[in-house]
There are 2 protein chains.
Amino acid sequence: MNTSEHEEETLDPESPEAWEALRTLGRRMVDDVMEYLRTVRERPVWKPLPAELRTTLKRPVPVEGEGAEAAYRDFVENVLPYPTGNIHPRFWGWVMGTGSPLGVLSEMLAAGMNCHVAGYEDAAARVEDQVLAWCRELLGLPEQASGLLVSGASMATLVGLAVARSEKAEGDVRRTGLWDLPRMTLYASRETHACVRRAAEVLGLGSDSLRLLPVDADFRVDVSALRAAIARDRAEGLRPFCVVGNAGTVNTGAVDDLEALADVASQEGLWFHVDGAFGALAALSPRLRPLLRGMERADSLAFDLHKWMHIPFEAGCVLVRSEAAHRRAFAYQTEYLAQMPRGLAARPSMFSEYGVQLTRGFRALKVWMSLKEHGAAKFARLIEQNVEQARALGQRVDAEPELQRLAPVSLNVVCFRYAGRGAPEERLDAWNRELLCRLHESGVAVPSYTTLGGRYCLRVCLTNHRTRREDLELFVQEVLRLGREIAGGAVKGT
Amino acid sequence: MNTSEHEEETLDPESPEAWEALRTLGRRMVDDVMEYLRTVRERPVWKPLPAELRTTLKRPVPVEGEGAEAAYRDFVENVLPYPTGNIHPRFWGWVMGTGSPLGVLSEMLAAGMNCHVAGYEDAAARVEDQVLAWCRELLGLPEQASGLLVSGASMATLVGLAVARSEKAEGDVRRTGLWDLPRMTLYASRETHACVRRAAEVLGLGSDSLRLLPVDADFRVDVSALRAAIARDRAEGLRPFCVVGNAGTVNTGAVDDLEALADVASQEGLWFHVDGAFGALAALSPRLRPLLRGMERADSLAFDLHKWMHIPFEAGCVLVRSEAAHRRAFAYQTEYLAQMPRGLAARPSMFSEYGVQLTRGFRALKVWMSLKEHGAAKFARLIEQNVEQARALGQRVDAEPELQRLAPVSLNVVCFRYAGRGAPEERLDAWNRELLCRLHESGVAVPSYTTLGGRYCLRVCLTNHRTRREDLELFVQEVLRLGREIAGGAVKGT
């Protein structure tokens, strides 16, 4: 081991020249990244990985370093050309976000400070306080509500449901666990995202405790079925504890009747959790806000800033109406985290008392920078733009005899399939699956897929600030072209 | 809403000039951040936040944007000067990491691609595969082990213990929950980090299920007490399921006898989880690796890359010996995530089937870049350097009559207090608390604190690649100076 000062090493460049070289490389990276973003439209949305990449990215651990320049060269050659594709204007798969140029630079600034946002007395904690206050304001929750920036809506859901469990259990769940308590049940529509089931599993409730309720023709939860399920469970001696409402389901973008769900929860004494992963942000728009009526009554609200607000991954948020309940579920004290009267650890409460993480990155900065750069009104207009594009695409699909829409366009999702002209139903799943593969492979557009009422369909989710109407028209043309090609030819599996 | 193409907006700059302006701003940011890092030694470690900052960072949500330049100006004036301080050479509080210049730039590159690493067929997933393979290789787990990059060791612990719960429960925990199962118990020393208790709480086991065992004079778990506790619980009809070993405890850096714990777990049929938040990385060093003997037998291993490997926050990792067990605890299938035969969703398994998150950022990139830049051997040398510094500091404390060491220096942590010359014991807690406040306020050095055997002490945790021996000497001098000042003067609370 080192025994004298002179041998002491660091990860920093070790000479003024080395610092200058790294600064020059950094400037080049900025140029390259900005050019990459500026020209994203000119590249395919996605392209298959070349076979040799599997080898290139399967090397033993480097024992000796090759330096920053060489590492960057490898990145530029082997990583940068093969992204997920979600930053491209014609990416509409699953529910992703598109990022933004200043968001990219903000991540560098946050990593530069590299603050440890467990909640110390530093600017990073204040910036997160500020961002959480903005989130409450934008989404209509009261100023007293507590909140936490998390990795995404899955974690936000886990936190929200953990608070619900802690508040509604007949006992001290944190101390004694679930073992001897009456079985608790929660309720959501069958269109609910799997993260709710995952949370029920992780929390030890079990997926059997999650009642997945039927939906109406608009894919909104059947509220009378909810009432009946609660009554049935109560009659069986179970303990209903939570209603989950959807502000934008993953399959079709449906918004449950949140006002009615809030009423049921309130009448039945249940916790009301809203999964607003992407849809909650529609509240930024005065025109769309009425769709979400009732959301502001949520006891806990999970949503993402990295989806419809285009903050680079990861940025999710959970808000909890009762700060005291939030703390009861997560706060703890240790001798190594005791509050100090002054100095760095003098902050009265830590973010780590509101969720699972102790070490937390400075993810608030990119949100703060983005809202300051663009203002909430612009994000609202971009959300309206996507909703308008979805409606237009829905109408375009309806106007095209070979295309068949499989769900109403509630918000920003369009589900449809290529149905040809009088093709036999039993072939359509295989046709559309093949169509989707060819679409991805062509790099023209990337929608995702789902199955609705047993029918496989393409699913276009418009959470993309780069999309233009012309992109959607190009996509429709390509779907028709590929559909005809597949319907006319011999296709594997048909 | 927008009705014609011409009104379509985007978050991207809207003209070549606007792109150029943002690129120029980005270059300036790189210059500023690199200069900030290069000169970090010249600034105080931490300084109190000015009162006006509370107002500055408590503004209503910006409705209209002010642009990137103005947002950056606000950042430079009001955020950048008030960091946590952990990147400074004289920061040794809690267990943090120090970041690195290329790590900072890597975060920008990752955000530039903004890949969605649920596990699609793209380069980001391959880079994470690669990084996980490197982690297995460096930490001695078999090639077949599965893994996941997560936010940090708290989440890694939650994942590891969720797998343990799922494998060892007498039933299908994911489906039926814990309600009707025999109570499961887990075991760890009382020096174990609170994230283990938190995981037990979140998982519905309850903190009562966690048996916190006594430790020996070196703060290592008492293995015979472990055997006795398991026997006692079995006799009471409970179901012991997991032993947690520490590779570096938070208070003193103690390493449990992992070989003995692996033996107990194996003999008793229990899951063996190792919390190696920072200590696991000592395995990179051939000289230190013997301390961790037995860690390679872990069924699950939680550790951080953002601590002793200086990856910018957040970067933690969980490894699970049995990929099948890992999948059984978390994998699920939905119609909207079904695997495609070809195209973007053709990857055989998704990372989201191994943990809580579905949306995941490209945190693998910064790890990949850092290991390629510096090589594993350099990280090993830096870890050795910190251990050597801790030993030297321990000796320095021992040589100073006014200082009193309160725990052995096992790895990289030194716990001691200012004890003056024959001062009454009842004053020492208050003296040292005041000493710590003044140290933080002075900005000279930031250690943290803990309580050992009821005695409050300063705690120096050396996970900092920028620290030099001269920093530690300066710190000792300052502790002596402040200690004498406090001992000689009237101090609040003494």
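Reminder, nothing fancy here: chain letters follow the sequence lines and each chain counts from 1. The basis for the numbers below is simple: all heavy atoms, side chains too, and nothing from hydrogens, waters or symmetry mates.
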Would a distance-only check, ignoring hydrogens and angles, find a side-chain to backbone donor-acceptor pair under 3.5 Å from [X] to [Y]?
X      : Y      : value
A/W368 : B/F75  : no
A/Y449 : B/A338 : yes
A/Q385 : B/E9   : yes

Approximate separation, where rounding is to 0.5 Å, of [X] [atom1] and [Y] [atom2]:
X      : Y      : atom1 : atom2 : result
B/R27  : A/D31  : CZ    : CG    : 4.0 Å
A/D12  : B/R466 : CG    : CZ    : 4.0 Å
B/S106 : A/Y72  : OG    : OH    : 10.5 Å
B/S370 : A/L11  : OG    : CG    : 7.5 Å
B/L80  : A/M113 : CG    : CE    : 5.5 Å
B/Q130 : A/L57  : CD    : CG    : 6.0 Å

Between [X] and chain A, with a heavy-atom cut-off of 4.5 Å, which part of the residue counts as in contact: side chain, backbone, both or neither?
X      : value
B/V250 : side chain
B/P48  : neither
B/F362 : side chain
B/A133 : neither
B/Y36  : side chain

Verify side-chain contact (heavy atoms from CB on, under 4.5 Å) between A/E121 and B/W46, making sure each step is shown before the conclusion.
CA-CA 9 Å; A/E121 183 63 339; B/W46 175 84; 4.0 Å; yes
With a 4.5 Å cut-off on heavy-atom pairs, point out which of [options] contacts chain A the most.
options                       : result
B/C115, B/G97, B/A345, B/G361 : B/C115
B/G99, B/G67, B/S100          : B/G67
B/T451, B/V356, B/L102        : B/V356
B/G152, B/P101, B/A118        : B/P101
B/L109, B/N86, B/L22, B/T467  : B/L109
B/H374, B/R198, B/M34         : B/R198

Could you walk me through whether A/Y336 and B/H193 pass the side-chain contact (heavy atoms from CB on, under 4.5 Å) check?
CA-CA 10 Å; A/Y336 50 89; B/H193 193 270; 3.4 Å; yes
Contact summary for [X] and [Y], nearest pair of heavy atoms:
X      : Y      : value
B/M108 : A/V104 : O-CG1, 3.3 Å
B/P312 : A/N114 : CA-OD1, 3.4 Å
A/A111 : B/E107 : CB-CG, 3.6 Å
A/W179 : B/S209 : NE1-OG, 3.7 Å
B/W134 : A/R59  : NE1-O, 2.8 Å
B/G112 : A/I87  : O-CD1, 3.8 Å

Among all residues two or more places apart in sequence or in another chain, which pass the side chain to side chain contact (heavy atoms under 4.5 Å, CB included) test with A/S207?
A/R197, A/E201, B/R175
[X] bridged to [Y] by N-O distance under 4.0 Å:
X      : Y      : value
B/E8   : A/R468 : no
A/R360 : B/E314 : no
B/E35  : A/R23  : yes
A/R342 : B/E441 : yes

Option that, when pairs with chain B are counted at under 4.5 Å, heavy atom only, ranks first among [options]:
options                       : value
A/K366, A/K378, A/H310        : A/K378
A/S154, A/P62, A/A377         : A/P62
A/D129, A/D74, A/L371, A/L158 : A/D74
A/L203, A/V33, A/L365, A/L25  : A/L203
A/R459, A/M340, A/K58         : A/M340
A/M29, A/M369, A/R183, A/M155 : A/R183

Heavy-atom cut-off 4.5 Å, strictly under: side chain, backbone, both or neither for [X] against chain B?
X      : answer
A/V446 : side chain
A/L138 : side chain
A/H465 : both
A/K307 : side chain

Would B/E66 and A/E373 count as a side-chain contact (heavy atoms from CB on, under 4.5 Å) here? Give the steps.
CA-CA 5 Å; B/E66 61 189 35; A/E373 180 189 22; over 6 Å; no
Distance-only side-chain donor-acceptor flag, A/T176 / B/D208, under 3.5 Å
no
Between A/L37 and B/W19, is there a side-chain heavy-atom distance shorter than 4.5 Å?
yes
Does any non-hydrogen side-chain atom of B/S151 lie less than 4.5 Å from one of A/S151?
no
Candidate pair B/W94 and A/L337, rule side-chain contact (heavy atoms from CB on, under 4.5 Å), full reasoning
CA-CA 8 Å; B/W94 301 274; A/L337 293 173; 3.7 Å; yes
Ring geometry between A/F313 and B/H116 (parallel below 30°, tilted from 30 to 60°, perpendicular above 60°)
perpendicular
